[in-house]
Amino acid sequence: LYKLEVAVADATRLELGDRFDIININNVLHHIDDKPAALERAHRHLKDDGKLIIVEPNYYYPPRWIIENDSLDTLNFVKDYFVRNDLIERGEKAIIFPHLHQQLRDAGFKIEKSFKDLNFLGYFTQYWIKENTMLARTIFGLDKYLFSKILPASVAPFQYIIASKS
């Protein structure tokens, strides 16, 4: 049997005496202004053979870029919809992954794997298309069999990172 201990903590103030096998930062870094400090805390609390798992939205995913780009604010009805319906916070900015990769290295991590989400259209259209319809299945099929093969990670909606101490 495995002994499982879980801790939920604020990444901006994390100071636990414990060290963990796995630290999962899921959809949270883009809400933190001082990402390097949060990553340094995670490094301190990760066991030497532990893994850091990160899942974050990609700033350059085209629909997200349109929503988060401040220069479009006066005409950005999509951004207004997302803010009004609590789908994003005003001022929220997704992750620019080359920057995050460098911040991870600076904090003492080695990136073992970085990979893209396969849902290019499906992620964005899930808000407007009813589940299990022919249109929804077609969009997710296009994502799986076409877009995931031809579109680069730089425009994926999310990216995933597995890192360890270097």
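The model shown is predicted, which means the values in this text are computed figures rather than measured ones.
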To the nearest 0.5 Å, what is the distance between CD1 (I139) and CG (D143)?
8.0 Å

To the nearest 0.5 angstrom, please state how far the CG atom of L104 sits from the OG atom of S114.
9.0 Å

Correct closest heavy-atom pair for L52 and A42 would be CD1-CB, 4.4 Å

Counting only N and O atoms by type, is there a donor-acceptor contact under 3.5 Å from the side chain of R41 to the main-chain atoms of A37?
yes

Check whether F77 and Y81 end up in the same hydrophobic cluster, where Ile, Leu, Val, Met, Phe, Trp and Tyr are linked by side-chain heavy atoms less than 4.5 Å apart.
yes

Pairs flagged by ring-ring contact (aromatic ring centres under 6.0 Å, His included) wherever residues 83-113 is involved - sequence neighbours left out:
H43-F109

Main chain of Q159, side chain of N58: is a donor-acceptor contact present, judged purely on distance under 3.5 Å?
no

Side chain to side chain contact (heavy atoms under 4.5 Å, CB included) for K165 and L46? Distances and angles first, verdict last.
CA-CA 8 Å; K165 288 187 169 185; L46 190 65; 4.0 Å; yes

Does a side-chain heavy-atom distance below 4.5 Å link D117 with V55?
no

Throw together a table of side-chain donor-acceptor distances under 3.5 angstrom for residues 21-28, partners on residues two or more places apart or in other chains.
from, atom 1, to, atom 2, distance (Å)
D21, OD1, K47, NZ, 3.4

Do L118 and F140 land in one hydrophobic cluster if side-chain heavy atoms of ILVMFWY residues count as linked below 4.5 Å?
no

Separation between CD1 (I54) and CD1 (I162), nearest 0.5 Å, reads 10.5 Å

Closest approach of A94 and P57, non-hydrogen atoms and distance?
CB-O, 3.4 Å

Partner set under side chain to side chain contact (heavy atoms under 4.5 Å, CB included) for D106, not counting sequence neighbours
Q102

Please step through side chain to side chain contact (heavy atoms under 4.5 Å, CB included) for the pair I95 and K35, ending with a clear verdict.
CA-CA 10 Å; I95 298 294; K35 290 168 191 56; 3.5 Å; yes

Less than 4.5 Å apart, any side-chain heavy atom of H30 and any of R64?
yes

E56 (side chain) donor-acceptor with L29 (main chain) under 3.5 angstrom
yes

Please answer: with hydrophobic residues joined when any side-chain heavy atoms are less than 4.5 Å apart, are I150 and L121 in the same cluster?
yes

F158: ring pair (Phe, Tyr, Trp, His ring centres under 6.0 Å) partners, not counting sequence neighbours:
Y123

Under the 3.5 angstrom rule, does the side chain of Y61 hit a backbone N or O of F120 as a donor-acceptor pair?
yes

Taking S148's backbone N and O only, do any of them form a donor-acceptor pair with K116's side chain (distance below 3.5 Å, no angle check)?
yes

Honestly curious: do Y160 and I53 fall in one hydrophobic cluster under the side-chain, below-4.5 Å linking rule?
no

Looking at side-chain heavy atoms only, is the closest gap between V83 and E89 below 4.5 Å?
no

Identify, with sequence neighbours excluded, every residue that meets salt bridge (Lys or Arg N to Asp or Glu O under 4.0 Å) alongside R137.
none

Heavy-atom nearest pair, K51 first then E112, reads NZ-OE2, 2.8 Å

Residues forming a side chain to side chain contact (heavy atoms under 4.5 Å, CB included) with S166, sequence neighbours excluded:
K110

Nearest 0.5 angstrom please: Q103 CD to E40 CD, how far?
10.0 Å

